[in-house]
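Heads up: the structure comes next, in structure tokens.
These numbers come from the heavy atoms of this one structure, side chains and all, not from hydrogens, waters or symmetry mates.
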Amino acid sequence: NRILNNVNIVVNNLILKFVEDDIVLSVNVKSAELYSVNSNWMRDFVDLAVPDLALRRVIDFSDLTICLDRRNASGKIETYQDPLLYRCPVTCRIHSQYDGLYSKYPTTTKINFLCEKLDLSLTDTQVPMFFRLLELCIAIYYGTLKLPDPTGSEASEVNFALNPQLESSVDPPIMGQ
């Protein structure tokens, strides 16, 4: 476990794309680095020890750019929109608390994001696409995402939730059509 607790991971030139109907969401990162830190959030070799049964990690993203574009029926983007977020440095702090020295999984995990300067912009074309993505995220969270049935009949409802702690009495928000 000492080795796993102190693994450093560096990823350069990461590009993630998500395509939903006519929406193309792309996330570009020049570099991302994951490393272990001490209780003062300084890079360090750490080990899970009593009394502080917590592991802390930091992910530094340099030049994070998020783009939201519309594609046409043939799948091509005719006009690229301004990025939602352009070349922004972001630090993500992850604090995992454990019950015991030999616990396999943390009991709680807290994630905090730090961004010294955030220039976020949405164009008129991006606003409806942004809200459609937001509705999609909420539907996934509540487990009400409708997927096409592979047999070709009506859309079926997915019966899973990303948040298993939600009780069945919680009603998902009503989304506009």
Side-chain angles (χ1 to χ4, degrees), residues 7-37 41 43 56-96 109-166 170-177:
V7 168
N8 290 350
I9 299 173
V10 177
V11 177
N12 291 313
N13 300 320
L14 176 67
I15 301 172
L16 301 172
K17 290 203 181 225
F18 174 77
V19 178
E20 171 69 21
D21 293 330
D22 62 338
I23 297 175
V24 178
L25 175 70
S26 60
V27 178
N28 303 303
V29 178
K30 183 177 180 182
S31 71
E33 182 177 11
L34 168 77
Y35 54 90
S36 299
V37 294
W41 296 98
R43 186 187 296 252
R56 295 167 185 84
R57 292 184 179 93
V58 169
I59 306 174
D60 284 328
F61 297 98
S62 69
D63 290 350
L64 172 67
T65 300
I66 301 175
C67 299
L68 185 60
D69 297 300
R70 182 180 307 273
R71 66 186 188 141
N72 60 21
S74 64
K76 304 274 189 234
I77 298 172
E78 293 174 356
T79 306
Y80 288 93
Q81 300 295 312
D82 290 338
L84 298 177
L85 192 62
Y86 183 66
R87 299 185 68 168
C88 181
V90 176
T91 298
C92 174
R93 290 180 171 180
I94 304 167
H95 180 273
S96 301
T109 298
K110 297 177 186 176
I111 301 174
N112 295 304
F113 292 93
L114 170 68
C115 183
E116 289 183 21
K117 183 180 178 187
L118 181 69
D119 289 329
L120 187 68
S121 70
L122 279 170
T123 64
D124 292 342
T125 306
Q126 292 170 328
V127 170
M129 293 187 291
F130 179 79
F131 281 114
R132 280 182 39 210
L133 287 174
L134 190 59
E135 287 177 350
L136 178 64
C137 290
I138 291 170
I140 290 171
Y141 180 81
Y142 282 105
T144 60
L145 180 65
K146 297 203 184 261
L147 295 174
D149 190 357
T151 62
S153 62
E154 297 279 329
S156 62
E157 193 167 311
V158 176
N159 293 322
F160 70 90
L162 286 182
N163 187 353
Q165 295 175 341
L166 285 177
V170 176
D171 293 327
I174 298 173
M175 295 295 155
Q177 295 294 329

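The CD1 atom of Ile23 sits 6.5 Å away from the CE atom of Met129 when rounded to the nearest 0.5 Å. Here CG of Asp69 is found 6.0 Å from OG of Ser26. Values are rounded to the nearest 0.5 Å. Rounding to the nearest 0.5 angstrom, the gap separating the CG atom in Leu14 from the NZ atom in Lys30 is 14.0 Å. Atom CG of residue Leu118 and atom CZ of residue Phe113 lie 12.0 Å apart, to the nearest 0.5 angstrom. Taking CG from Leu25 and CZ from Phe130, the interatomic distance works out to 10.0 Å, rounded to the nearest 0.5 Å.
Between Ser62 and Pro89 the shortest side-chain heavy-atom distance does not fall below 4.5 Å. Tyr86 is not listed as a side-chain neighbour of Asp119, based on a closest heavy-atom distance of 4.5 Å or more. In this structure, the side chains of Thr91 and Val58 come closer than 4.5 Å at one or more pairs of heavy atoms.
For the salt bridge (charged side-chain N to carboxylate O under 4.0 Å, His left out) condition, the pairs that include at least one residue of residues 124-134, sequence neighbours left out, are Asp21-Arg132, Asp22-Arg132.
Tested against Ile59, the residues Ile94, Ile111, Ile9 include a single side chain to side chain contact (heavy atoms under 4.5 Å, CB included) partner, Ile94. Partner of Val27 under the side chain to side chain contact (heavy atoms under 4.5 Å, CB included) criterion, out of Thr65, Leu64, Leu84, Leu85: Leu64 alone.
Of the possible polar contacts, none joining the Ser36 side chain to the Asn8 backbone as a donor-acceptor pair under 3.5 Å is found. Listed for the Ser31 side chain is no donor-acceptor partner under 3.5 Å among the backbone atoms of Asn12.
Scanning both residues, Gln126 and Leu68, for their nearest heavy atoms gives NE2-O, 3.0 Å. The minimum heavy-atom distance between His95 and Trp41, with the atom names listed, is CB-CH2, 4.2 Å.
Legend: residues meeting side-chain hydrogen bond (donor to acceptor under 3.5 Å, both in side chains) with Thr79, ordered by chain and number and at least two apart, are absent. Glu20 pairs by the side-chain hydrogen bond (donor to acceptor under 3.5 Å, both in side chains) definition with nothing, not counting sequence neighbours.
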Problem set entry | Stepwise side chain to side chain contact (heavy atoms under 4.5 Å, CB included) test for Cys67 and Tyr80 | CA-CA 9 Å; Cys67 299; Tyr80 288 93; over 6 Å; no

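The local environment of CZ in Arg71 is crowded, with over 12 non-hydrogen atoms from other residues, nucleotides or ligands closer than 6.0 Å.
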